[in-house]
2 protein chains.
Amino acid sequence: MGSTGVGLREVAERSGFSKSSHFHHFSSKEELYFEVLSRVHARIEKSLAPVFEAESDPALQLRSWVEALIDALAEHQTTARLLLRGLFEDNDWVPERIPARAQAESTLDSIPAKARGIVQRGVVEGVYRNVSVPHTLQSLVGATVYHFASGEIGEALLGGSIFSSEEVQRRKQEMTQLFDFGLARKSKS
Amino acid sequence: MGSTGVGLREVAERSGFSKSSHFHHFSSKEELYFEVLSRVHARIEKSLAPVFEAESDPALQLRSWVEALIDALAEHQTTARLLLRGLFEDNDWVPERIPARAQAESTLDSIPAKARGIVQRGVVEGVYRNVSVPHTLQSLVGATVYHFASGEIGEALLGGSIFSSEEVQRRKQEMTQLFDFGLARKSKS
DNA sequence: GTCTATAGTGAGATAGAC
DNA sequence: GTCTATCTCACTATAGAC
């Protein structure tokens with residue numbers, strides 16, 4: 001399938017190995033693809049792990065989570081796009097023959113699953129409004145991943161590179177403030 | 001190019017016409033693809049048009065914009081995915097031979113451009129914090145488009161269909177509240 | 001304007017020498 | 001483990017009958 005977005009020709013050019021060499025390490029192109037995807041997912045999960053080491057105020061912890069996610073997506077220009085590409089996969093694959101696929105999926109699923117706990121706790125402890133936890137996660141992930149995948153469209157809007165350190169810093173600030181204020185319980189005052 | 005995500009074989013099956021028949025209406029598969037994409041963009045733009053007919057309070061107008069965008073994306077299950085797919089196109093195409101491409105792009109660009117005015121006005125008039133206008137647009141678009149493109153991942157999180165009328169309604173509520181509170185200037189109290 | 005048949009191209013994958 | 005050569009197949013596109 002060509003639905004990975006990259007052909008073996010291009011893989012061969014960039015890796016320096018011939019096309020056929022890859023078939024001695026992976027039984028198919030799809031397996032290679034999922035191996036790559038799996039490592040990307042694992043890297044992101046690893047970047048987020050420190051956030052969960054200690055429980056603190058949910059709002060602070062969510063802020064750390066957002067900043068860690070942004071750092072992970074900003075590290076390589078391809079990461080966010082690979083992540084989104086994963087959503088569009090035609091699930092016509094035969095799962096048995098691609099063990100790396102299950103690995104990639106379970107790691108991916110664990111990312112929002114762990115963040116879920118933070119938002120949940122924020123609602124229960126009353127620091128957040130009574131927001132929908134899944135919708136909030138969708139907004140968090142969507143606003144972050146889309147931004148770093150938006151390419152030319154995003155750069156046209158920003159008027160500069162999405163990945164410059166100033167803009168990455170700016171993104172963290174805008175995101176954390178948006179969700180700090182947007183999720184906070186209204187003060188009774 | 002197969003980067004459209006769909007082959008002519010599948011197009012033929014679903015349209016009821018043979019593969020070759022399409023070449024009498026479109027000079028290439030790419031032109032057909034951009035014709036489809038262009039109509040999707042035009043439909044979204046048309047859905048958003050009423051929002052700009054009268055200037056009102058920026059916060060109310062942005063709320064209308066979000067709700068209209070959500071309605072447009074919720075109408076067909078493929079819309080949000082088509083939109084995102086557009087971001088990933090390898091721009092190896094020869095622009096001269098595909099007039100529909102320019103059409104699709106200009107319509108797409110006009111969507112955030114028009115919304116930009118609303119957020120801008122909100123900041124200038126002081127109903128919003130001094131947020132970054134482009135980052136806010138990225139968050140708005142990202143949180144909306146990603147959600148309706150998220151497919152199985154989103155449904156696993158929600159525990160049900162993304163496109164059910166209850167969940168669409170819920171999405172509107174969560175999004176409008178998030179941005180109402182998230183962008184609002186802090187009251188001095 | 002639609003069809004069948006087919007050409008041309010490039011993809012993923014295999015065989016076998018080194 | 002990597003290579004060259006080759007196979008097979010699906011895809012885009014064309015030719016020409018109806």
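Computed from a predicted model, the values in this text were never measured in an experiment. In what follows, every chain begins at residue 1, and chains take the letters A, B, ... in the order their sequences are listed.
When the salt bridge (Lys or Arg N to Asp or Glu O under 4.0 Å) test is applied to E10(A), the partners found at least two apart in sequence or on another chain are R14(A). Partners of F163(A) according to the ring pair (Phe, Tyr, Trp, His ring centres under 6.0 Å) rule, which considers only residues two or more places apart in sequence or in another chain, are F148(A). Every residue two or more places apart in sequence or in another chain was checked for a ring pair (Phe, Tyr, Trp, His ring centres under 6.0 Å) with Y128(B), and none qualifies. Under the ring pair (Phe, Tyr, Trp, His ring centres under 6.0 Å) criterion, F179(B) pairs with no residue at all, not counting sequence neighbours. Taking R116(B) as the reference, nothing meets the salt bridge (Lys or Arg N to Asp or Glu O under 4.0 Å) condition, with sequence neighbours excluded.
Distance CZ (F23(B)) to P (dA13(D)): 4 Å, rounded to an integer number of Å. Rounding to whole angstrom units, NZ of residue K29(A) and C1' of dA10(D) are separated by 13 Å.
Here salt bridge (charged side-chain N to carboxylate O under 4.0 Å, His left out) pairs that include residues 132-142 of chain B, with residues two or more places apart or in two chains, number zero. Residue pairs meeting the salt bridge (charged side-chain N to carboxylate O under 4.0 Å, His left out) criterion with at least one member in residues 45-58 of chain A, sequence neighbours excluded, are E55(A)-R121(A). Applying the side-chain hydrogen bond (donor to acceptor under 3.5 Å, both in side chains) test to residues at least two apart or on different chains, the pairs with a partner in residues 64-75 of chain A are R43(A)-E75(A), D71(A)-K172(A).
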Would you tabulate the side-chain donor-acceptor contacts of residues 129-137 of chain A under 3.5 Å, counting partners in other chains and residues two or more places apart, or write 'none'?
from, atom 1, to, atom 2, distance (Å)
R129(A), NE, G182(A), O, 3.2
R129(A), NH1, Q177(B), OE1, 2.9
R129(A), NH2, G182(A), O, 2.6
S132(A), OG, H135(A), N, 3.2
H135(A), ND1, R171(B), NH1, 3.1
H135(A), NE2, E167(B), OE1, 2.7
T136(A), OG1, S132(A), O, 2.8

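Minimum heavy-atom separation, F17(A) to S21(A): CB-CB, 4.1 Å.
Listed by residue number, the members of residues 8-15 of chain B with any heavy atom below 4.0 angstrom from DNA chain D are L8(B), R9(B).
Between its opening and closing five pairs, the helix from dG1(C)-dC18(D) to dC18(C)-dG1(D) changes axis direction by 0°, a value rounded to 10 degrees.
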Pull out every protein N or O sitting under 3.5 Å from an N or O of nucleotides 1-4 of chain D, one pair per line with the distance.
from, atom 1, to, atom 2, distance (Å)
dT2(D), OP2, H25(A), NE2, 2.6
dC3(D), OP2, S18(A), N, 2.6
dC3(D), OP2, S18(A), OG, 3.1
dC3(D), OP2, S21(A), OG, 2.6
dT4(D), O4, S20(A), OG, 2.6

